[in-house]
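Predicted model, so just to flag it, every value in this text is computed and none were measured. Keep in mind that the numbers below use all heavy atoms, side chains included, and drop hydrogens, waters and symmetry copies.
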Amino acid sequence: MYWLAGQWFEQDTICLSIQEPALLYGATLFTTLRVYHQSLSHPLTHWPQHRQRLQTSLQQFAWPEPDWLEVEAAASTLGSHYTVLRITVLPDGRPWIIGRELPADLATKQQQGIQAWLANLPHLRRPLADHKTGNYLSAWLALQTAQGQGASEAILVDADQHWLETSTGNLWGWRAGQFWTPPTTGQILAGISRHQLQQWLYQQGQIVHQEPWTLDLVQSFTGLAYSNSVVEILPIHTVIEQGQSRYFEPFSPEFQRLQAYFQQEFP
């Protein structure tokens, strides 16, 4: 079941014009959110932040906005059936919402950590990286290549070989009780979970450093993880780079501190 421009459909196909820019150019904006306790208003769902990110990009692209009350009503309906929603807006303002469940192996990855592959190839850099557009081909290719190497994620880099983000989330590193995340300088997506984790850590008096992830900095980390709104926070225990493997301690007090944000009890 999905919702498109005010209509409900119970099928797994969609009808769009062959001239649709979304098909021809990947011209869409979208956000993916995890619906906690079947409620858009749950504090961990962060629906207002997801909506604001879409609105900011729509305004910068000069695209019309959808009727947000209709979007929220449809998202609430789908959120009672699915744990994960993808809310897409086409260039003419038409909204499209689909739902799915959490990855079947998510609990295993959270318990064991994952292996990542360093995608240090120029053609695997995301265009318009600070917007969540439908043109995700480079990130998708990076993920496919990573999976072909036996990894679960790809880590994207810039022209100076600074680590930026994974193909689906934001990076976190730590050492000696302090946290690092790459800066948002137009080269990465400022993730909703990334922002909320930062604010939560600041409130607890924790330091969160934002500086370019050079090789020297990465080598100093004892732990590594990535976050997004679906997986929450996942440890990375191994990074494959040109046939070499770099190892990190996947479970530590720092990682548990990040995990604790998603384990809060709310009234």
Between [X] and [Y], what is the shortest heavy-atom contact and its length?
X    : Y    : answer
A139 : R126 : CB-CD, 3.8 Å
V157 : L164 : C-CD1, 3.5 Å
L58  : P64  : CD2-O, 4.0 Å
E153 : L143 : CA-CD1, 4.0 Å
W3   : A74  : CD2-CB, 3.4 Å
A75  : I87  : CB-CD1, 4.2 Å

Checklist entry - Looking at Y82, is R100 sitting on its ring face, NZ or CZ under 6.0 Å from the six-membered ring centre and within 45 degrees of the normal? => result no
Are the side chain of [X] and the backbone of [Y] linked by a donor-acceptor contact shorter than 3.5 Å?
X    : Y    : answer
S57  : L54  : no
D160 : H162 : no
T28  : T88  : no
S245 : E241 : no
E249 : F251 : yes
T45  : W47  : no
T184 : L189 : no
N170 : S227 : no
Q11  : T13  : yes
N228 : V231 : yes

Any [X] side-chain heavy atom under 4.5 Å of [Y] side chain:
X    : Y    : value
H209 : Q178 : yes
L118 : W163 : yes
F248 : H237 : no
E20  : P91  : yes
S138 : P127 : yes
T32  : V230 : yes
S220 : L217 : yes
L234 : Q259 : no

As an exercise, state the distance from [atom1] of [X] to [atom2] of [Y], rounded to the nearest 0.5 Å.
X    : Y    : atom1 : atom2 : result
R53  : L33  : CZ    : CG    : 9.5 Å
L224 : Y247 : CG    : OH    : 14.5 Å
S229 : Q49  : OG    : CD    : 9.5 Å
I97  : L85  : CD1   : CG    : 7.0 Å
Y2   : D12  : OH    : CG    : 8.5 Å
T145 : L124 : OG1   : CG    : 6.0 Å

Item to check | Steps toward side chain to side chain contact (heavy atoms under 4.5 Å, CB included) verdict (R246, Q219) | outcome: CA-CA 9 Å; R246 191 186 308 276; Q219 288 178 331; 3.3 Å; yes
Decide if the gap between the ring center of [X] and the ring center of [Y] is smaller than 6.0 angstrom.
X    : Y    : answer
W200 : F262 : no
H42  : F266 : yes
W180 : F221 : yes

Give the cluster check for [X] versus [Y]: same hydrophobic cluster or not, with ILVMFWY residues linked at side-chain heavy-atom distances below 4.5 Å.
X    : Y    : value
W117 : V218 : no
W96  : V89  : no
L40  : W68  : yes
W213 : I155 : yes
F255 : V208 : yes

Item to check | Donor-acceptor pair between Q38 and S80 side chains, under 3.5 angstrom | outcome: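 No pair is found: no donor N or O on one side chain lies under 3.5 Å from an acceptor on the other.
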Item to check | Verdict with reasoning, R125 to L156, per side chain to side chain contact (heavy atoms under 4.5 Å, CB included) | outcome: CA-CA 7 Å; R125 295 173 192 147; L156 310 181; over 6 Å; no
Item to check | Carboxylate-amine/guanidinium contact E254 R175, below 4.0 Å | outcome: no
Checklist entry - Charged N to carboxylate O under 4.0 angstrom, E65 versus R51? => result no
Checklist entry - Going through the checks in order, is the side-chain hydrogen bond (donor to acceptor under 3.5 Å, both in side chains) test met by H131 and Q60? => result CA-CA 10 Å; H131 296 278; Q60 290 190 27; 3.3 Å; yes
Item to check | Worked verdict on L90 versus W63 for side chain to side chain contact (heavy atoms under 4.5 Å, CB included) | outcome: CA-CA 8 Å; L90 278 62; W63 291 1; over 6 Å; no
Checklist entry - What do the steps show when you test V84 against E101 for side chain to side chain contact (heavy atoms under 4.5 Å, CB included), and what is the final call? => result CA-CA 6 Å; V84 180; E101 296 306 322; over 6 Å; no
Checklist entry - S252 and W174: side-chain hydrogen bond (donor to acceptor under 3.5 Å, both in side chains), yes or no, with the steps? => result CA-CA 10 Å; S252 66; W174 55 85; 3.0 Å; yes
Next on the checklist: Tell me which pairs pass side-chain hydrogen bond (donor to acceptor under 3.5 Å, both in side chains) where either residue lies in residues 187-196, with sequence neighbours left out.
Outcome noted: T181-R194, R194-Q198, R194-Q210
Checklist entry - Among T238, V239, I236, which one satisfies side chain to side chain contact (heavy atoms under 4.5 Å, CB included) with Q115? => result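 When side chain to side chain contact (heavy atoms under 4.5 Å, CB included) is applied between Q115 and each of T238, V239, I236, only T238 qualifies.
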Item to check | Member of L44, L201, I233 meeting the side chain to side chain contact (heavy atoms under 4.5 Å, CB included) criterion with Y261 | outcome: L44
Checklist entry - Would you find more than 12 non-hydrogen atoms of other residues, nucleotides or ligands less than 6.0 Å from W140 atom CH2? => result no
Next on the checklist: Under the criterion side-chain hydrogen bond (donor to acceptor under 3.5 Å, both in side chains), I'd like the reasoning laid out for Q52 against T56: C-alpha separation, chi angles, the key distance, then a yes or no.
Outcome noted: CA-CA 6 Å; Q52 181 59 56; T56 299; 3.1 Å; yes
Item to check | Co-members of L215 in a cluster of I, L, V, M, F, W and Y side chains, linked at under 4.5 Å | outcome: none
